[in-house]
**Student:** 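Mind having a look at this structure? Questions to follow.
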Amino acid sequence: MRTFIVSAFVAYSTLALAAPSAKSTLKLKESVVAPRGWTKREAAPRDLPINLRIALPQSNFPLLEQHLYEVSDPSHARYGAHLSKEEVNELIAPPPESVDAVTSWLAAHGLDEGDLVRSPAGDWIKVKVPVSLAEEMFDTEYHVWEHTSGDMLVRTTAYGLPEHLHSHVELVQPTTLFSRFRGMKTTFHFTGEAVDTSSATSAPAISVPSASGGQVDASCNTTITVSCLKQLYNAVGYTPLNNTGNQIAATGYLDQFADLADLQSFFAEEVPDAVGSTFDLVSINGGQNDQSEPGGEANLGEYTQFAFGIAFPIPSTFFTTAGSPPFIPDIGTPTDSNEPYLDWLDFVLNQTSLPQTISTSYGDDEQTVPESFAQRVCAGFAQLGAQGVTLTFSSGDGGVGDGDPDPATTECITNDGTDRVQFIPAFPASCPFVTAVGGTTNVPETAIFFSGGGFSNFFARPSYQDQVVSNFLNNLAPGTFEGLFNTSGRAYPDVSAQANNFLIFFAGEEALIGGTSAAAPTFAGFVSLLNDARIRAGQPSLGFLNPLIYSLSSGFNDITTGNNPGCGTDGFNATVGWDPVTGLGTPNFGVLKDLVLSA
Ligand SMILES: *[C@@H]1O[C@H](CO)[C@@H](O)[C@H](O)[C@H]1NC(C)=O
Ligand SMILES: *[C@@H]1O[C@H](CO)[C@@H](O)[C@H](O)[C@H]1NC(C)=O
Ligand SMILES: *[C@@H]1O[C@H](CO)[C@@H](O)[C@H](O)[C@H]1NC(C)=O
Ligand SMILES: *[C@@H]1O[C@H](CO)[C@@H](O)[C@H](O)[C@H]1NC(C)=O
Ligand SMILES: *[C@@H]1O[C@H](CO)[C@@H](O)[C@H](O)[C@H]1NC(C)=O
């Protein structure tokens with residue numbers, strides 16, 4: 001069922017234009033080259049309904065950003081004074097003249113208030129229209145596009161708007177968005193037999209000075225369990241409370257789900273105290289969490305089992321957001337925007353109480369995401385940060401691009417029509433308002449080869465990382481990878497965590513998985529423990545983490561070996577200090593706890 005919301009902040013005009021603007025008066029708003037792998041097929045059926053999303057300008061976003069940085073900077077007097085949902089909404093509300101102009105334009109196309117769904121701040125309008133009307137409104141033609149995977153979308157590569165609306169509309173989707181937000185997972189295999197993780201029967205513990213008690217079970221070098229992570233990241237013996245209001249969450253999209261029975265098996269093996277406990281399931285837009293198909297490909301064991309296992313007994317939530325149904329031409333299914341982040345943001349930004357830590361293990365090549373869309377999604381993450389939420393995202397599993405060190409077969413080709421080889425940054429990891437988590441392996445730790453890292457082409461380098469990133473770049477040999485990456489872009493990952501050989505339960509069996517999909521929830525688990533310490537001390541949650549962590553001179557295990565090949569190169573090296581393979585390093589919970597309690 002759809003609900004129609006008219007925000008109290010929005011005063012919409014009752015004036016309507018006499019007639020729709022003639023097509024000839026439309027001016028090109030955006031055009032893209034369809035990403036590699038997509039082929040244009042037949043024209044879209046004219047009566048196919050499209051759920052349009054129209055973004056109005058958030059004209060005070062720079063002010064929101066200023067608030068975000070002030071409340072996230074430990075050296076600022078306002079550190080921790082997070083904003084309320086209402087304060088955020090006021091800052092991102094579009095100017096009344098934009099609301100009026102867009103409302104009048106929609107009315108001129110026969111779309112009245114009753115047809116529109118406005119976001120609480122009024123910065124988004126959703127409206128369902130047939131393809132024929134969308135084509136008229138945007139002077140464009142929609143086609144069915146097919147991906148090499150078989151996925152189908154209804155899209156266009158260019159659209160226009162009346163010239164007077166260009167300053168009142170930031171973007172319209174679905175139009176140019178072809179990205180495929182994938183779960184980050186590189187390796188998966190069933191172990192075939194029970195894995196022996198008991199320290200008693202294995203070799204002598206491995207000496208790791210920063211670990212709890214200075215050592216880590218020998219088995220952790222080949223199989224990662226919750227116990228291994230607590231040892232390695234110095235959190236053994238820390239017991240969080242379940243009733244402080246602190247919460248942790250993980251997200252699933254595109255009909256991927258979390259299996260409850262596997263979680264119990266996992267708890268029995270790795271977190272016995274947690275057996276019988278479970279997470280809150282929040283389904284957004286009809287997101288699935290179908291327990292009848294536990295063997296499905298889409299089980300998200302590593303997203304939930306480790307985050308919730310590390311943080312137990314901190315209450316946990318799994319958000320499952322439906323992707324749009326993929327377009328199937330034969331049965332005339334409606335096409336949707338396939339922008340799961342926006343649907344998720346719509347939902348969480350409208351909550352009054354949010355989990356303080358949320359982990360997401362999805363992403364796509366930044367260049368497949370229209371820049372206008374990336375900017376708005378990233379702005380949505382800033383709105384969550386301002387309200388005191390820490391967002392972790394996996395940094396990607398292709399090193400500096402496609403994971404291929406061979407120049408002859410690299411798939412790192414630019415999408416701008418020039419077909420140059422370039423490193424391919426990942427989004428949302430490249431958004432400066434999230435904490436991007438890269439990967440390590442083994443004990444003692446080294447960078448894992450697939451750890452996604454690099455430099456954004458959309459987002460400029462934020463000041464919080466200026467010093468360490470400049471330092472890294474200055475230490476590169478002159479000319480290193482010149483032209484392959486953007487030295488002025490937001491650099492990632494920010495931090496890292498183990499990302500290989502995670503022992504999870506899948507369809508009732510033990511399996512080992514690898515990917516930064518495991519690193520992001522792991523890091524989130526430790527952030528949630530830090531929030532436990534802060535909230536128990538009467539302090540606010542950590543919120544947007546990056547300004548804090550880049551200001552610390554300890555608290556992370558610097559990873560200085562390994563590299564992340566891709567795009568026909570060996571990628572960057574993990575080095576002393578920050579690097580685009582492992583960021584600042586992996587967490588030392590014991591040290592961080594003391595630091596955040598005095599922040
Ligand atoms: C951990 O495993 C790696 C990779 O197999 C190996 O090189 C290293 O020696 C092992 N470390 C210890 C302490 O056994
Ligand atoms: C918190 O833990 C206590 C003691 O273990 C238990 O009785 C209670 O049910 C838990 N509360 C929640 C909200 O999980
Ligand atoms: C926002 O939350 C309010 C109150 O719970 C609800 O009535 C409204 O439908 C929600 N709006 C959106 C856009 O989800
Ligand atoms: C490099 O990054 C900057 C800062 O975000 C951006 O303005 C510029 O367009 C990027 N260059 C390319 C070639 O993408
Ligand atoms: C990485 O380190 C190796 C060995 O020191 C060196 O040969 C190589 O040039 C370094 N690569 C980069 C990109 O700095």
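Computed over heavy atoms, backbone and side chain alike; hydrogens, waters and symmetry mates excluded. Counting starts at 1 for both ligands and their atoms, following the listed order.
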**Student:** Could you list the atoms of ligand 4 found under 4.0 angstrom from a heavy atom of Ser488?
**Tutor:**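 Near Ser488, meaning under 4.0 Å from one of its heavy atoms, ligand 4 has 1 (C), 2 (O), 3 (C), 4 (C).
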
**Student:** For residues 206-248, which residue pairs qualify under disulfide bond (SG atoms under 2.5 Å apart), counting only residues two or more places apart or in two chains?
**Tutor:**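 Those involving residues 206-248 are Cys220-Cys228.
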
**Student:** Could you tell me the separation between the CZ atom of Phe544 and the CG atom of Leu384, rounded to the nearest 0.5 Å?
**Tutor:**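 CG of Leu384 is found 12.0 Å from CZ of Phe544.
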
**Student:** Is there a donor-acceptor contact under 3.5 Å from the side chain of Tyr238 to the main chain of Ala533?
**Tutor:**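 Checking the backbone N and O of Ala533 against the side chain of Tyr238, a donor-acceptor pair under 3.5 Å is found.
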
**Student:** Under 3.5 Å, side chain of Asn564 to main-chain N/O of Pro580, donor-acceptor pair present?
**Tutor:**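 Checking the backbone N and O of Pro580 against the side chain of Asn564, a donor-acceptor pair under 3.5 Å is found.
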
**Student:** Using only atom types and a distance under 3.5 Å, with no angle test, would you say the side chain of Thr357 pairs donor to acceptor with the backbone of Val527?
**Tutor:**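 A pair under 3.5 Å: no.
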
**Student:** By number and element, which atoms of ligand 4 are closer than 4.0 Å to a non-hydrogen atom of Ala460?
**Tutor:**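 It comes down to these atoms of ligand 4: 4 (C), 5 (O).
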
**Student:** Quickly, which of Tyr492, Phe472, Phe556 forms a ring pair (Phe, Tyr, Trp, His ring centres under 6.0 Å) with Trp578? Name it, please.
**Tutor:**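 When Tyr492, Phe472, Phe556 are each tested with Trp578, the ring pair (Phe, Tyr, Trp, His ring centres under 6.0 Å) holds only for Phe472.
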
**Student:** Between the side chain of Ser394 and the main-chain N/O of Gly396, is any donor-acceptor distance below 3.5 Å?
**Tutor:**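 Not at all, since once roles are kept as given, no pair shorter than 3.5 Å links the two residues.
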
**Student:** Below 3.5 angstrom, do we get any N/O pair linking Gly489 and ligand 4?
**Tutor:**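 Gly489 vs ligand 4: no N/O contact under 3.5 Å.
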
**Student:** Does atom CD (Gln351) have a neighbourhood of more than 12 heavy atoms from anything else shown, all under 6.0 Å?
**Tutor:**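 Yes, enclosed.
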
**Student:** So if I only count non-hydrogen atoms and take anything under 4.0 Å from ligand 1, which residues does that give, chain by chain?
**Tutor:**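 Ligand 1 pocket, heavy atoms under 4.0 Å: Ile206, Asn221, Asn442, Val443.
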
**Student:** Residue-level breakdown please: for Asn486 versus ligand 4, do any non-hydrogen atoms fall below 4.0 Å on the side chain, on the backbone, on both, or on neither?
**Tutor:**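 Looking at Asn486 and ligand 4, just side chain atoms fall under 4.0 Å.
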
